[in-house]
Amino acid sequence: MTQKPPLPEEMKRTFDVKLENPIYDWWEEQGYFKPQKDPDKEPFVIAMPPPNVTGALHLGHAIVSSIQDCLIRYHRLLGDPTLWIPGTDHAGIATQNVVERELEKEGLSRHDLGREKFLERVWEWKDTYQNRITEQHRRLGVSCDWDRERFTMDEGLSKAVREAFVRLYEEGLIYRGAYLINWCPRCSSAISDLEVEHKEEPSHLWHVRYWTEDHERSIIVATTRPETILGDTAVAVNPGDGRYADMVGMEVRVPFVDRLIPVIADEGVDMEFGTGAVKVTPAHDPTDYAMGKRHDLEFIDVMNDDMTMSEAAGPYEGQDRFVCRENLIEDLREMGDLVKVEEYSHSVGHCQRCGTIVEPRISTQWFVKIKPLAEPALEAVREGRIGIIPERFTKVYYNWMEDIRDWCISRQLWWGHRIPVWYCEECGAEICVREDPTACPECGSETLQQEEDVLDTWFSSGLWPFSTLGWPEETEDLDYFYPTSVMETAYDILFFWVARMIMMGIHFTDEEPFHTVYLHGLVRNEDGEKISKSMPDAWRYDPLHMIDEYGQDPLRFTLLTGSTPGNDMRLSPDRVEANRNFGNKIWQAARYVLGNLDEDLKDYVPPTGALNPTTDMDMADRWIISRYHRLVAEVTRLIEAYQLGEAGRQMYDFIWSEYCDWYIEMTKVRFWDEQEGADQARSVLVYVLEGCMRLLHPYMPFVTEAIWQYLPHRGEALIKASWPEEGERDPQAEEKVEGFMELVRGIRNARSEYHVEHGRRIAAIIAAGEEAPFLREQQGVLEALARIDGEQLEIRESLAEAPERALALMLGGYECYLPLEALVDLEQETARIRSEIEELDEEIARARDLLANEDFVTKAPEDVVQNERDKVEDYTERQNMLLERLETLQ
RNA sequence: GGGCAGGUGGCUCAGUUGGUUAGAGCGCCACGUUGACAUCGUGGAGGCCGUAGGUUCGAGUCCUAUCCUGCCCACCA
């Protein structure tokens, strides 16, 4: 039944990136991405943030996939029933915009097609891009359950949206009314406060004089938006402002439109700013709106939907708002009522989706009364039922939630969930029901008109963690997999999405939709710029291009290790290349291991549990096992703490710098002439490497699966193997081998310093003290690694007399002499020893000072103090030997 | 106006309960075709951890102030 993995019989010289896709397909066909439900186990569940169906995946999606797939694969290896739900978002405005742009190329507008035909076009687009996105996701290696793939506008989710809307409506938490909203003239729709991006822009502050009816008195106001003068319905001053006290209650005339407006007193006016008098346009400014409400002023919208001036703008009717501004300023100047123009910079709201300057205006829209939803959402985080990583974002979350304002959810678009409300043309009743109504429940009339507006796309996204599991139906999935575990996404949609999921999740399911929020940063290019499609070298940062070039594993490893939670990262192709090299390094190590095993690989199948170090093993074996066990513990701890980057780096360092650079080199000696312990080495090589593949699998799924398949192993696939066990450490072996490494490094260093040819084997005399037996055991390894001539190597307990004319090294507890007569330059050697003595001097002085400090000795932990004592002893010993040496040289 | 993050070798970044002589990758210098690997190996140069104070036996790590960079929030007319 079990189909074999799609790999060549023999390991090739390098890992072929083209194998990634077949391996992925194999995993999928084998059903490894599907959760193994077990009622006794707690499942691990992630709802994947659904990409918009607007276009191609970018590096932002690559980081999402990398982090989530890493967590998913880790938990799958732990044996948790693991579910990752994929899907896509209809992305209301964004998608409608791209399709409209397509239509523009044909010279058409959506109005030319009409609602129905236009929506057909959008669905076509959606089908194309959803498929493309799915394909791209597969290439990113995501191990999600494709059978559970959802779309925010598919039948089930639409039902969820309808249910959520109706419930909120019935609870009185959704209302309709005319309020000040943000209007995007290009999108021709209302947008929420969050969808407005404020940018500081240079502009002017125009001082304009308003006259009283009799032209006896006047008041000067300062404004950044002269075109809204036409909608003024008051002029306000601070009640405590003596300059204008006598004018309060008077009426002044609005220029160009025949209207007298009152001068009012309001606490909100800052006496220090501008002239201290402010024009009030309640229909076009949030502050003025509030003032208008307080003083019961008239609300006059002076613009049409397309931002041409409306009939209310009198002589300026039909002009674009900014053309009107220019003309109006000119006219004021001519009239002499433009008193002053100052340079002024202020923040201007732009539409998040199209960049157009947003116009605050009064409009009838649908809103969610948000406070009742926000309160429990705040508590959930305050009381720790939801944790946010990194923690600093909890404060950001609190600030926003505490200060939250009602959410405008209606959009004047065609693409989206149409608001399930009908109006009766007979009696005017407003009907909000779960099933499409056929007759008015009030008057029985069948002339019902459905609300034209659709919902904000984030309304459906807010239901994602449970709507994807079948809510509002009480499905098995919902019962078993909900609440989900981790919500992982970019920090820039904390409010848009995460906050709303928490609010809606708690409201509709009485449970927090997830227990952990993990926020990652944005990916930028080498220069720290946001990567956008319009950049000339954008292709260099296209994840698919990077995958073609280097493979998915290196890209993923780079994204995982390149940053810490919540911090942006700069991604350069160089880094991906470096990690590609790491993948190759592992591949080569595996080839070495495999090449040294006997025919029957089954002899080396690793134990089910940990292989612990025992005294009958070679010290090198004990050392690497111990180091590997340390790694298992560390990586597990770090992943559990969501420190994915650090865990990855630890594996990189261990595999490259310990396993490859040292352990593999050490084993070679045993294989050369099949010395004692060669079989032991084979088992240990396999044990550690196979374990590393399991550890590393969440970080480099493809290359590890391939290697694992070649290596002796238990089970059919790495992806569903088990997480390594934390075995025993062997401090003694670690200490001995590290001393040995220090000795080897010292000899190599000396060779290099004295320009000994690489190929040349040299003599050495080593006084090893009680380590002599150990060093004799490792004699062959020492010869190989330090390139020493076995015939000329002497290992003793101690030396009665140090050899003359030899380099002296005091390292790792060894006293080592390299008799390089011909090569030793006496002066150079003297200088070398002197500088080493000096360095030791400094260290000894530092440690002695520390130990002389009573406070240090009494207050610091015992092991820290002891450590310093040992150092003084060790350094002094080394220094004495070097001093002696210096004398013999002179 | 409020808040947050970053400032560590030439570049990009680690360094999470304060404790060896602060690490890595890339780049740089010297040497190297030993049968896992030149997508490599060996050795090396290079940092008073933004600045100034403070707490502590001990600070890259904690506190205060300050400068620079970036970001978020806010009804700045």
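Every chain is numbered from 1 and lettered A, B, ... according to where its sequence line falls, protein lines coming before strand lines. Since the structure is predicted, the reported quantities are computational estimates derived from the model, not experimental observations.
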(Q) I'd like to know if A:Tyr642 reaches the base of B:U16 with its side chain, counting only an N/O donor and acceptor under 3.5 Å. (A) no
Q: Flag the pair A:Met666 / A:Leu785 as yes when at least one side-chain heavy-atom distance between them is below 4.5 Å, and no otherwise.
A: yes
Q.
Would you measure the distance from the P atom in B:U66 across to the matching atom in B:C73 and give it in whole Å?
A. 25 Å
Q. Does OP1 or OP2 of B:C4 have a side-chain N or O of A:Lys395 closer than 4.0 Å?
A. yes
**Q.** A:Arg745 side chain, from C-beta outward: closest of B:G43, B:G25, B:C76
**A.** B:G43
(Q) Please report the distance separating the C1' of B:C49 from the corresponding atom of B:A59, rounded so that it comes out in whole Å. (A) 11 Å
Q: Select base, sugar-phosphate, or nothing to describe what A:Asp568 touches, counting heavy atoms under 4.0 Å on all strands.
A: nothing
Q. Using a cut-off of 4.0 Å on non-hydrogen atoms, how would the nucleic acid contact of A:Trp656 be classed: base, sugar-phosphate, or nothing?
A. sugar-phosphate
Q) With a 4.0 Å cut-off on heavy atoms, is A:Ala290 in touch with a base, just the backbone sugar-phosphate, or nothing at all? A) nothing
Q) Taking atom types as they are modelled, is there a donor-acceptor pair under 3.5 Å from the base of B:U39 to the side chain of A:Arg580? A) yes
Q) Reckon A:Glu200 touches a base, only the sugar-phosphate, or nothing at all at heavy-atom distances under 4.0 Å? A) base
Q. Which value, in whole Å, describes the distance between the P atoms of nucleotides B:G7 and B:U61?
A. 11 Å
Q) P atom, B:G25 versus B:A14: distance in rounded Å? A) 16 Å
(Q) Heavy atoms only, 4.0 Å cut-off, all strands: where does A:Tyr344 land among base, sugar-phosphate and nothing? (A) base
Q: Using a 4.0 Å heavy-atom cut-off across all strands, classify A:Arg405 as base, sugar-phosphate, or nothing.
A: sugar-phosphate
Q: Between B:A36, B:U20, B:U21, spot the one nearest the side chain of A:Lys668, thanks.
A: B:A36
**Q.** Sugar-phosphate, base or nothing in reach of A:Val269, heavy atoms under 4.0 Å
**A.** base
Q. Does A:Arg751 put a side-chain nitrogen or oxygen below 4.0 Å from OP1 or OP2 of B:U42?
A. no
(Q) With a cut-off of less than 4.0 Å, is there a side-chain N or O of A:Thr564 near OP1 or OP2 of B:A14? (A) yes
Q: Return no unless some side-chain N or O of A:Asn749 is found under 4.0 Å from OP1 or OP2 of B:G44.
A: yes
Q: Applying ring pair (Phe, Tyr, Trp, His ring centres under 6.0 Å) between A:Phe15 and each of A:Phe702, A:Trp587, A:Tyr710, report the one that passes.
A: A:Trp587
Q) Side chains of A:Glu200 and A:Ser345: donor-acceptor distance under 3.5 Å anywhere? A) yes
Q.
With a 4.0 Å cutoff (strictly under), does any side-chain N or O of A:Asn584 reach OP1 or OP2 of B:C40?
A. no
Q: Examine B:G19: is either OP1 or OP2 under 4.0 Å from a nitrogen or oxygen in the side chain of A:Lys859? Give yes or no.
A: no
(Q) Taking atom CD as the centre, does A:Glu391 end up with more than 12 heavy-atom neighbours from other residues, nucleotides or ligands that are less than 6.0 angstrom away? (A) no
**Q.** Between A:Thr558 and A:Tyr550: side-chain donor-acceptor atoms closer than 3.5 Å
**A.** no
Q | Distance, P atom - from B:G60 to B:U55, rounded to whole angstrom | A | 16 Å
Q. Taking CZ from A:Arg760 and C1' from B:U42, how many angstroms apart are they, rounded to a whole number?
A. 17 Å
(Q) Any base atoms under 4.0 Å from A:His346, or only sugar-phosphate, or nothing? Heavy atoms, all strands. (A) nothing
Q. Tell me: CD of A:Glu402 to C1' of B:A74, nearest whole Å?
A. 14 Å
Q.
Pair A:Tyr289, A:Phe299 - check ring-ring contact (aromatic ring centres under 6.0 Å, His included), show working.
A. CA-CA 8 Å; A:Tyr289 177 83; A:Phe299 293 72; 5.5 Å; yes
Q | Rounded interatomic separation in angstrom, taking CE from A:Met546 and P from B:U39 | A | 20 Å
Q) Do A:Glu665 side-chain and B:A36 base share a donor-acceptor contact under 3.5 Å? A) yes
(Q) Between B:G47 and B:A24, how far apart are the two P atoms, rounded to whole Å? (A) 15 Å
Q: Quickly work out the A:Arg649 CZ to B:A24 P distance and round it to whole Å.
A: 13 Å
Q | Side chain of A:Glu843 - closest among B:U21, B:C4, B:U39 | A | B:U21
Q) Do A:Arg392 and A:Tyr397 come within less than 4.5 Å of each other through their side chains, counting heavy atoms only? A) no
Q | Candidate pair A:Glu868 and A:Arg848, rule salt bridge (charged side-chain N to carboxylate O under 4.0 Å, His left out), full reasoning | A | CA-CA 8 Å; A:Glu868 292 299 322; A:Arg848 281 218 172 110; over 6 Å; no
(Q) Using the P atom as the point on both nucleotides, what is the distance between B:G9 and B:U51, in whole Å? (A) 10 Å
Q. Touch check for A:Phe582, heavy atoms < 4.0 angstrom, all strands: base, sugar-phosphate only, or nothing?
A. nothing
Q: Using a cut-off of strictly less than 4.0 Å, decide whether A:Trp662 has a side-chain nitrogen or oxygen near OP1 or OP2 of B:G41.
A: no
Q.
Under 4.0 Å, counting only non-hydrogen atoms across every strand here, what does A:Glu753 touch: a base, just sugar-phosphate, or nothing?
A. nothing
Q | Rounded interatomic separation in angstrom, taking CG from A:Asp266 and C1' from B:A77 | A | 13 Å
Q.
Among B:A36, B:C72, B:U42, which nucleotide has an atom closest to any side-chain atom of A:Ala589?
A. B:A36
Q. What does A:Tyr875 touch in the nucleic acid at a heavy-atom separation under 4.0 angstrom: a base, only the sugar-phosphate, or nothing?
A. base
Q: Would you tell me if any nitrogen or oxygen in the side chain of A:Arg570 comes within less than 4.0 Å of OP1 or OP2 on B:U12?
A: yes
